[in-house]
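Right, one structure below, let's go through it.
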Amino acid sequence: MELLEKLNPQQKQAVTTDPGPVLVLAGPGSGKTRVLTQRVAYVIDRFDVHPYHLMAVTFTNKAAREMGERVAKLLGRQTRGLTLGTFHATCARILRVEAEHLPVDSNYVIFDADDQVKVVKQVIKDHNLDDKRYRPRSVHASISAAKNELYLPEDFPIDTYRAEVVARIYEDYQKTLLTSNAMDFDDLLLWMAILLEDYPSIREKYARRFEHILVDEFQDTNIAQYTLLKHLASYHRNIFVVGDADQSIYRWRGADYRNVMRFKKDFSEAEVILLEQNYRSTQTILDVAMAVIDQNTHRTPKRLFTEREAGPKVHVKELFDEREQAQYVVDTIARQVASKKAKPGDFAVMYRINAQSRLLEEAFLSANLPYKLVGAQRFYGRREVKDIIAYLRLIFNPHDEISLSRVIGTPPRGIGTKTYAQLRTHAQKLNISSGDLLADLAKGKESEHLSQFSTRAAKALSRFGRLLVKWLEDKDTLPPVEIMDQILEDVGYQDYLDDGSEEGRERWENVMELRRLASEYQTVGLQQFLEDVALVSDQDTLEEGADAPTLLTLHAAKGLEFSQVFIVGLNDGVLPHQRSFEDPEGMEEERRLFYVGITRAKDRVYLSHALNRYVYGHTEPGQPSRYYADIPADLRDDGRLARQQRRKSQVFRPWKKASPPPAKKVEAQYKAGMKIQHPKWDKGLVIGSKIQDDDEILDIVFDTVGLKKVIASLANLEVIE
DNA sequence: ATAAAGTGACTTTTT
DNA sequence: GTCACTTTAT
């Protein structure tokens with residue numbers, strides 16, 4: 001293969017190594033995607049393996065698609081039969097084929113995070129439990145964690161009273177799922193693992209079929225995923241995994257980087273290949289990244305090196321608040337774009353939590369600059385989108401209780417919570433699904449169950465039942481778009497949304513966008529549409545091409561690269577996040593997250609934090625992140641000091657080499673007891689003052705907002721008395 | 001049954 | 001400050 005020439009010796013070794021277990025430990029930017037892709041092509045071409053006998057698992061659908069395209073290009077032909085996708089998508093497909101061995105039918109639906117919490121909530125209610133004591137989200141997290149470790153309800157470890165209650169909820173949760181003919185995200189992995197473990201014939205079938213298995217982002221696999229991989233590889237033992245323990249950031253989702261150790265033990269003959277040379281970043285960026293990650297304990301030190309130049313220092317900036325931080329990001333980007341030093345698409349802005357995107361978006365919008373936002377929830381989480389998907393899901397699988405409960409009263413049609421509760425209870429008594437009962441009630445007077453309801457309720461239910469039956473008749477013959485059009489028309493969805501407001505119009509546009517997406521499923525059908533919709537990853541929503549900065553969480557940034565990267569909100573409590581403070585392992589993961597962010601950058605990194613943070617509406621003083629302390633001083637360019645320097649001399653004076661200018665002593669101008677006037681927060685009382693980094697930091701109690709930390713030179717204060 | 005008004009949790013991260 | 005859920009009024 002011609003492209004082998006472009007590989008370094010380690011990469012070449014990985015691509016061309018003999019069959020058998022292989023563990024590739026790949027640092028950031030070391031070309032692991034390229035290795036994986038070429039390995040797939042190599043196996044097909046040199047070992048003469050039919051694509052049908054090959055499975056490759058990636059972390060996102062987008063990565064899978066790209067890999068498929070590149071492999072086809074390398075081979076110069078299509079790769080029909082190749083199993084390529086995320087763990088979840090791949091399992092979903094196989095489980096449909098093997099549904100006869102499962103407690104669901106092959107047309108099961110996939111419950112997303114929202115649905116899962118709803119089921120938990122329902123069960124908690126049915127058990128008359130206090131949902132304050134048993135928070136649905138937290139109970140669901142326990143159930144999910146159990147599934148990821150392959151614990152069925154009866155295996156759920158009971159060590160506390162709470163665990164006992166959760167185990168009971170888990171049991172009913174699972175029952176609800178099965179009567180709804182549904183699987184949740186975790187089930188896809190769990191059942192696949194169970195199937196392979198408990199049915200030797202199925203294990204043999206797939207273990208023989210997959211002569212070669214390749215896995216990307218191996219450090220973020222959980223127990224269920226590891227187990228199913230182990231079984232799938234049990235016959236041929238040709239399993240090629242690529243990962244980097246330093247980039248493990250999904251522990252909270254059950255990912256266990258110790259799987260790397262397990263792999264070494266279970267496949268003791270495995271060849272281990274290290275990819276250390278970095279082809280992405282400047283040496284400065286790599287040095288900073290290493291300095292940061294070196295603070296973690298329990299890791300194998302790794303040296304990252306590049307042939308690239310040192311490059312500019314990492315830029316550090318302190319801002320007054322998050323609004324100014326957003327403005328600073330936009331300004332910095334705009335300036336470089338205006339001076340043609342960079343293109344808008346060269347930039348990415350990364351943050352710890354999604355909520356941080358709002359101020360950034362506002363700043364981009366008001367500057368009239370387009371941006372790309374990564375986050376599937378943004379679209380698929382919208383009420384109107386969920387409504388329509390729920391309708392489609394119900395038609396695809398009428399037993400889906402969660403979807404039914406969502407659509408039965410949307411738009412309002414005379415069926416409220418009371419009537420729905422009656423329907424559900426009655427159906428439970430009959431041991432059928434609410435959907436079945438509804439279909440029966442559609443028969444009108446013919447139905448023997450109609451008398452169970454009040455005249456009004458019976459009429460409304462019967463009417464809706466007839467709609468459902470009608471849609472069910474067409475579901476196999478019509479393409480998704482036409483089913484959708486039928487629903488929209490029959491329920492008058494546009495009129496329901498259109499209340500004359502801008503919001504209503506926007507919602508309808510979202511429905512139309514969903515319709516556009518559905519129209520791409522003309523041939524593959526409703527099942528595929530619903531499956532794809534359920535399993536989209538955030539990264540999948542990243543639109544290609546558009547030349548605009550990308551806004552994304554640090555998690556979503558994994559596997560991507562950008563010329564220039566902003567990491568904003570470097571405040572203690574945000575990055576690292578407060579929720580991890582108590583947990584040493586969690587703190588190590590926070591640091592890895594920061595490491596992942598830094599190593600996305602090819603040319604420049606900008607770090608920034610705000611002195612004041614918005615928290616639940618009001619502003620609170622914040623602390624710079626502890627991670628700053630780990631960045632070597634000579635690799636760091638502190639914008640705040642530079643700017644002050646400029647202001648004082650009124651002349652632009654770039655930093656001279658490493659020697660910092662002698663710290664000029666600043667005299668305190670304020671002292672405790674002074675009353676001052678602030679442009680935004682009005683009157684306040686100074687209660688403390690200290691000199692720090694060439695500036696005066698004041699503690700002031702304001703009448704309006706309480707205690708604040710204020711930088712004297714920036715705040716434009718006026719002394720009243 | 002439904003719309004409007006009020007209450008309280010909530011922010012990690014996502015397949 | 002926002003969202004989802006609950007209570008209240010129609």
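So you know, we letter chains A, B, ... as the sequences are listed, proteins then strands, and number each from 1. As the structure is a prediction and not an experimental result, all values here were calculated from the model.
- Exactly one residue among A/R262, A/R251, A/Q225 makes a side-chain hydrogen bond (donor to acceptor under 3.5 Å, both in side chains) with A/D256. That residue is A/R262.
- Considering A/H609, A/Q623, A/H577 in turn, A/Q623 is the only one that fulfils the side chain to side chain contact (heavy atoms under 4.5 Å, CB included) rule with A/D572.
- For A/R137, no side-chain nitrogen or oxygen approaches OP1 or OP2 of B/dC10 to under 4.0 Å.
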Stepwise, does the salt bridge (Lys or Arg N to Asp or Glu O under 4.0 Å) test hold for A/R592 with A/E589?
CA-CA 5 Å; A/R592 291 196 292 269; A/E589 183 148 308; 3.1 Å; yes

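- Each of B/dA9, B/dT14, B/dT11 was ranked by its minimum atom distance to the side chain of A/A355; first place goes to B/dT11.
- Applying the Watson-Crick and G-U wobble criteria (two distances, each under 3.5 Å), B/dT2 pairs with C/dA9.
- Regarding A/Q116, its CD atom lies at a distance of 13 Å from the P atom of B/dT15, rounded to whole Å.
- For the C1' atoms, the distance from C/dT6 to B/dT11 is 23 Å, rounded to whole Å.
- Along DNA chain C, read 5' to 3', the first and last nucleotides having any atom under 4.0 Å from a heavy atom of chain A are C/dG1 to C/dC5.
- For the pair A/H88 NE2 and B/dT15 C1', the computed distance is 4 Å after rounding to whole Å.
- Cation-pi geometry between A/R626 and A/F581 is met: the NZ or CZ atom falls under 6.0 Å from the ring centre, inside 45° of the normal.
- Computed from coordinates, the A/Q356 CD to B/dT13 C1' distance equals 11 Å when rounded to whole Å.
- Checking the phosphate oxygens (OP1, OP2) of B/dA1, no side-chain nitrogen or oxygen of A/T417 falls inside 4.0 Å.
- Relative to the ring axis of A/F59, A/K558 places its NZ or CZ within 45° and under 6.0 Å from the centre.
- A/L188 comes within contact range of no nucleotide atom at all, as no heavy-atom separation falls under 4.0 Å.
- Contacts of A/K118 with the nucleic acid, taken as non-hydrogen atoms under 4.0 Å apart, are absent.
- Taking the six-membered ring wherever Trp is involved, the centroid distance between the rings of A/Y257 and A/Y250 does not fall below 6.0 Å.
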Evaluate A/K125 against A/D131 for salt bridge (Lys or Arg N to Asp or Glu O under 4.0 Å), listing each step before the verdict.
CA-CA 8 Å; A/K125 219 171 169 181; A/D131 65 356; over 6 Å; no

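- Pairing for B/dT7 goes to C/dA4, judged as Watson-Crick or G-U wobble with the two contacts each under 3.5 Å.
- If you measure from atom CZ of A/R93 to atom P of B/dT15, you get 16 Å, rounded to the nearest angstrom.
- Of the candidates B/dT15, B/dA3, B/dT14, the closest approach to any side-chain atom of A/Y250 belongs to B/dT14.
- By the criterion of a centre-to-centre distance under 5.5 Å and near-parallel planes under 30°, the ring of A/W252 forms a stack with the base of B/dT13.
- In this entry the distance linking CG of A/D187 with P of B/dT15 reads 18 Å, nearest Å.
- Whole-Å rounding puts the A/R413 CZ to B/dA3 C1' distance at 17 Å.
- Between A/N354 and B/dT13 there is a side-chain polar atom (N or O) within less than 4.0 angstrom of OP1 or OP2.
- Between A/I353 and A/G416, the one whose closest nucleotide on DNA chain B sits nearer the 5' end is A/G416.
- Position along DNA chain B of the nearest nucleotide to A/L593 versus A/G409 favours A/G409 as the more 5'-ward residue.
- Contact annotation: A/T60 side-chain N/O to B/dT15 OP1/OP2 distance is not under 4.0 Å.
- Ring planes of A/H140 and A/Y173: tilted class, angle from 30 to 60°.
- For the OP1/OP2 pair of B/dT15 and a distance below 4.0 Å, the side-chain nitrogens and oxygens of A/S537 include at least one atom meeting the criterion.
- For A/K132, the side-chain atoms get nearest to B/dA9 when compared with the rest of B/dT13, B/dC10, B/dA9.
- Across B/dT13, B/dT11, B/dT15, the shortest atom-to-atom separation from the side chain of A/H555 is found for B/dT13.
- Shown here is A/R505, whose CZ atom has more than 12 heavy atoms of other residues, nucleotides or ligands within 6.0 Å.
- Comparing B/dT15, B/dT13, B/dA3 against the side chain of A/P412 picks out B/dA3 as the nearest.
- For the pair A/F111 CZ and B/dT15 P, the interatomic distance rounds to 19 Å; values are reported in whole Å.
- Between A/Y496 atom OH and B/dA3 atom P there is a gap of 8 Å when expressed in whole angstrom units.
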